[in-house]
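Working notes, structure below.
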Amino acid sequence: MSDLGFTVEVFQNEFLPAGGSDVNAIVTVTSPDSGQPQQPTGAGAAEIIIIDCSGSMGAPQSKIVEARAATSAAIDAIRDGVAFAIIAGTERARPVFPADGRLAQAGGASRAEAKRAVADLRPGGGTAIGQWLRLAGQMFGSFPSELRHAILLTDGKDEHETPADLDAAIRASEGMFSCDCRGVGTDWVVSELRKVSTALLGTVDIVPDPSGLAADFAAMMAKAMGKQLADVSLRVWTPQRASVRFVKQVAPTVEDLTSRRGPAGPQAGDYPTGAWGGAESRDYHVCVQVTPGTVGQEMLAARVSLVVGADVLGQGLVRAVWTDDEALSTRINSQVAHYTGQAELAQAIQDGLEARKRGDEDAATARLGRAVALAAQSGNEDTAKLLAKVVDVVDAASGTVRLKRTVDDADEMALDTRSTKTVRTRK
Amino acid sequence: MTAEPPTVPIRPVAGQPAEPAPVPAETPALSSPEPPTVPIEAVTGDSAAVTLPPATRPCPACGQPVFADENYCQACRAPMTEEAAAEPAAGAVVGGTPVDAAAWRQSGAVCGTCGSGPIDADGYCEACGTKAPSGRDHEETDLLVLAGVSDRGLRHFRNEDAMALGATQAAGGPVAVAVVCDGVSSSGRPDEASLAAARAALGVLLAAAEDGQDLAEASTRAAHEAQQAVKVLAGPPGSTPPSEAPSATFVSAVVTATGVTVCWLGDSRAYWLDESAPAQLTTDDSVAAALVTAGIMSEEEALASPNAHVVTGWLGADDSGTAPHVCTFQPPGPGVVMVCSDGLWNYQPDAAGLAERALPAARTSPLAAARELVEFANDSGGHDNITVVLVPFPPAGPLPAGPHDVTRELTP
Ligand SMILES: [Zn+2]
Ligand SMILES: [Zn+2]
C-alpha cells in the first residue's frame with residue numbers, strides 16, 4: 001500500500017424531522033489495491049501458530065495428526081523473511097520452534113526445521129488458553145514488528161485456569177497481536193473462543209472434521225500474509241453536546257466496537273480495526289446522538305476517519321439536516337436498514353441458541369424464527385442454510401419454525417460461530 | 001425631505017453609523033438568529049433613507065450590515081471576503097462573492113452559532129458542528145441598472161434558487177437582463193440545475209440584446225439553452241432516473257428603453273410595478289393556477305390547497321411537455337420590472353401589494369429594495385428560498401464598465 005488513500009463512503013439519510021437527534025450512517029471503508037504482488041515485509045510481520053496439545057487431541061488420533069499437517073501447511077504459507085514461531089499449548093505453554101522462545105526468520109531451512117519439530121508433537125496434558133496467549137505475547141514482544149498475528153487451535157474447554165485468568169490474559173494481549181481462533185471437533189466452547197477472537201480482532205470458526213484443518217490453516221495464513229497495514233483505527237469525531245450511541249463493524253461480520261473506544265483528542269475517539277490488506281472493504285454502522293438543530297440547519301454529526309498513528313488515511317462526513325419536509329425525513333436509508341437487520345439477525349441467533357441451551361423452547365423458537373425471517377428477507381443464504389439444520393422452517397417469510405428434536409452439535413456450533421457473518425447489499 | 005445626510009439605516013444597526021465602533025456580539029439586535037424586523041414605513045417615506053449608511057457593507061453570507069472596519073459579520077460571523085475576480089461574459093454578473101471554507105479559515109472568524117469554534121476545511125464548526133453560512137446562502141448583485149438578492153430563507157438548508165443579471169449597451173440604449181430559476185426540490189441537484197439554467201440563458205439574452213435581435217425569439221432560445229444546460233447535468237440518457245432528473249423553473253426579463261420581454265416556465269414570476277397600474281406579467285404553470293383558470297377555486301383557495309405549488313412546467317431532462325411562454329409588455333411610464341421566485345410572492349402574490357412594498361425605493365435603489373423584499377419574506381416565515389431582481393424602467397446608465405459587482409464597493 002504505497003498509496004495510503006483509503007476510500008471512505010458514507011450512506012445515510014441526513015434529513016431529520018424537527019427535534020430529531022439520532023443520526024445513523026453506514027460507512028464503507030475500502031483500502032487501496034496495491035496492484036502488485038505482495039512484497040516481503042521482512043521484519044514488518046510476525047506469525048505465531050498455537051497448537052492445542054492437550055490429551056484430548058489424541059482422541060481420536062486423527063485430531064493431532066491433522067493438526068500437525070495443518071500447521072505444516074500454514075508454515076509453508078509464511079512468506080520468506082517473516083518472523084515466526086510455533087507454540088504447543090497444554091495447561092502450560094511451550095515454545096516448540098524455535099525452542100529458545102524467540103522468533104525465527106522464515107526461509108527454506110527454518111521452515112523445514114519447524115515442520116520437523118511439529119511432527120514430534122504428542123498429545124498429553126490439560127488446557128489453559130490464557131497461558132498460551134501470555135507466551136505468544138512475550139514472544140511477539142521480543143521482536144520488533146508491526147504486523148503481529150497468531151492462529152490458535154483448540155479442541156476443548158479452557159478448564160485448567162479460571163475464567164478470570166483467561167480474561168486477564170486476553171486483556172494483556174489486546175493491541176499486542178491479533179488472533180484467529182479455530183475449534184476442532186465439538187468439545188470446545190464457542191463463547192470462550194469468541195471472547196478471544198473478538199478482543200484480538202480476529203475470526204472464530206469451527207472445523208468439525210479434522211481433515212478440514214490443513215486447507216483452513218493455509219487459507220488463514222495466506223490471508224494474514226496479505227495484511228499490509230497494522231493498528232488501523234476508525235476515528236469518530238462528534239460535535240459538542242453529542243454522543244456516540246454505537247459503532248459497529250457490520251460487514252463482513254458484526255462486531256460491536258462501542259466499548260473499545262480509546263481517547264483521540266477533544267470530541268474524538270478511536271475504535272481499533274486491526275490490520276488491513278489491499279483492496280479490502282469493511283462496513284461500519286455509526287449512530288450518533290446530537291443536540292437537535294433548527295429546521296433548515298445543517299450540522300456535521302460525525303467525521304469518520306481511518307488513522308494509523310498521526311496519519312489520516314481517509315475520511316467521510318456524516319451530516320444532519322433538519323427539515324419539515326416529511327417526505328425527506330421519513331426515508332430510511334437502504335444500507336442502514338439492511339445492516340440494522342443483519343445485526344438483529346446475529347443477535348436473534350445467539351439469543352435463540354442461548355434459550356435453547358437453557359431449555360426455554362418458547363423463547364428459542366421465537367428468536368430463531370425471527371432469525372429465519374431476517375435471513376430470508378436479506379438474502380443471507382448461508383445463514384439460512386445453517387438455521388435450517390437447527391430448526392424446521394414452516395414459513396420463512398413469517399419466521400414460523402419448529403425446533404428440531406435432535407441437532408448435530410457441529411451444526412449448532414457452526415450456526416453460533418457464523419451467526420455474525422453478514423451479506424452486503426446493492427449500494 | 002431633509003437636507004441633512006440620512007441617519008436612519010434601512011435596518012436597525014446597533015451603534016452609530018457615524019462611529020463605527022465594533023458591536024458586542026451580545027447586542028440583541030445582532031446576535032438574534034432571526035433577522036431584525038424593520039417597519040416598512042422606514043423605507044417607504046423617504047427615498048434618501050434607503051441609502052445604506054456609508055460605514056457598512058452587507059455580509060456576503062447573510063446580508064446583514066457589517067461596519068467597514070470589521071472583518072467579519074456580527075450576525076453570522078462570516079468573514080468579509082475580498083472581491084473575487086470572476087470572469088463572466090462582459091457586463092454579466094452571476095451572484096456575488098461566495099464565502100467558502102477557505103475564507104473562514106483565512107479570516108480566523110469563529111462560528112456564529114456557538115461563538116467558539118473555528119470553521120474547518122469542510123465548512124463546519126469544529127466545536128458545535130454547525131455548517132457555516134457559505135456560497136449561495138445569501139447573494140447580492142448590484143449592477144446599478146438592476147440589482148438582485150437571493151437568500152436561503154429560514155426553513156431550507158440550502159439555496160436552490162439562482163439568479164443571473166446582466167446589462168449591456170445596445171443601439172437603442174442600455175438593456176438590462178434578469179434571469180431567475182428555482183430548482184425543483186423533489187428533483188436531484190436542484191441547486192445546480194437552477195444555476196446552470198440561469199447562466200446559460202443570460203449569455204443568450206445579452207448577446208441577442210447587443211446584436212439587436214428579436215428579443216421574443218431570443219427569449220425562447222434562451223429558455224431552450226437553459227433546458228439544455230439542465231439536461232447536461234443529468235448525464236447521458238438513462239443514467240439518471242426521471243424522478244432524479246435535475247429540474248428548475250425559469251423566468252427571464254429583457255428590459256430595453258421601449259419595452260419588456262418576459263419568458264417563463266413554471267411558477268417563478270415577473271411583475272410590473274408602478275403606482276397606477278401594477279400587474280403580474282406571467283401566469284404560473286402550476287396546479288393552483290390551473291384550478292383558478294378553470295374557475296374551480298379562487299386564487300386564495302387554490303394557493304392554500306395541498307398541491308398548489310406543484311409546477312406543471314419546468315426545465316429538465318424529464319421534459320414537462322410545456323413550452324416556455326413569451327410575452328412583451330410596453331410600460332405605460334416609468335416603473336420597475338420585478339423578477340422573483342415563489343419564496344417572495346407566496347407572502348404577497350398581488351402586484352399592487354408588491355408595488356406598495358417596493359416603491360418608490362426600487363426606482364432609485366433596486367438593491368436596497370430587493371433586500372427589503374427578501375427581509376419581508378423572511379419575516380413572514382421564510383419557508384422557501386427567496387430571490388428578487390428589480391429593474392427600474394426605463395433602464396438608465398451608467399452601465400458598469402465590465403464584469404463587476406458593486407456590492408463589495410459600497411464604501412465611499
Ligand atoms: Zn452575516
Ligand atoms: Zn459552533
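Just so you know, these numbers use all the heavy atoms, side chains as well, and skip hydrogens, waters and symmetry mates. The model shown is predicted, which means the values in this text are computed figures rather than measured ones. Order of the sequence lines fixes the chain letters, A, B, ..., with proteins taken first and strands second; residue numbering starts at 1 for each chain.
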Next on the checklist: I'd like to check the ring pair (Phe, Tyr, Trp, His ring centres under 6.0 Å) partners of A:Phe15; sequence neighbours left out, ordered by chain and number.
Outcome noted: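 Testing A:Phe15 for ring pair (Phe, Tyr, Trp, His ring centres under 6.0 Å), a comparison that skips the adjacent residues, returns B:Phe157.
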Item to check | Most chain A-contacting option - heavy-atom pairs closer than 4.5 Å, from B:Cys114, B:Gly382, B:Gly129 | outcome: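 The candidate making the most pairs under 4.5 Å is B:Gly129.
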Next on the checklist: Checking B:Asp267 now: which residues fulfil side chain to side chain donor-acceptor pair (under 3.5 Å) with it, not counting sequence neighbours?
Outcome noted: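 For B:Asp267, no residue satisfies side chain to side chain donor-acceptor pair (under 3.5 Å) once neighbours in sequence are set aside.
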Item to check | Top contributor to chain B interface from A:Leu328, A:Val321, A:Val290, A:Leu300 [non-hydrogen pairs under 4.5 Å] | outcome: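 Most heavy-atom pairs under 4.5 Å with chain B: A:Leu300.
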Checklist entry - Which residues pass the salt bridge (charged side-chain N to carboxylate O under 4.0 Å, His left out) test with B:Asp342, sequence neighbours left out? => result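 Scan of B:Asp342 (salt bridge (charged side-chain N to carboxylate O under 4.0 Å, His left out), adjacent residues dropped) gives none.
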Next on the checklist: If I compare all heavy atoms of B:Cys128 with all of A:Pro239, which pair ends up nearest, and what's the gap?
Outcome noted: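 Shortest heavy-atom separation between B:Cys128 and A:Pro239 comes out as O-CB, 3.2 Å.
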Between chain B and chain A, which N or O donor and acceptor atoms come closer than 3.5 Å?
| unit_1 | atom_1 | unit_2 | atom_2 | d |
| --- | --- | --- | --- | --- |
| B:Asp120 | OD2 | A:Arg303 | NH2 | 2.4 |
| B:Asp122 | OD2 | A:Arg303 | NH1 | 2.6 |
| B:Asp122 | OD2 | A:Arg303 | NH2 | 3.3 |
| B:Tyr124 | OH | A:Glu298 | OE2 | 2.5 |
| B:Ala127 | O | A:Gln240 | N | 2.8 |
| B:Ala127 | O | A:Gln267 | NE2 | 3.0 |
| B:Gly129 | O | A:Leu300 | N | 2.6 |
| B:Thr130 | OG1 | A:Gln297 | NE2 | 3.2 |
| B:Lys131 | N | A:Glu298 | O | 2.8 |
| B:Arg152 | NH1 | A:Gly296 | O | 2.8 |
| B:Arg155 | NE | A:Asp324 | OD2 | 3.2 |
| B:Arg155 | NH2 | A:Asp324 | OD2 | 3.0 |

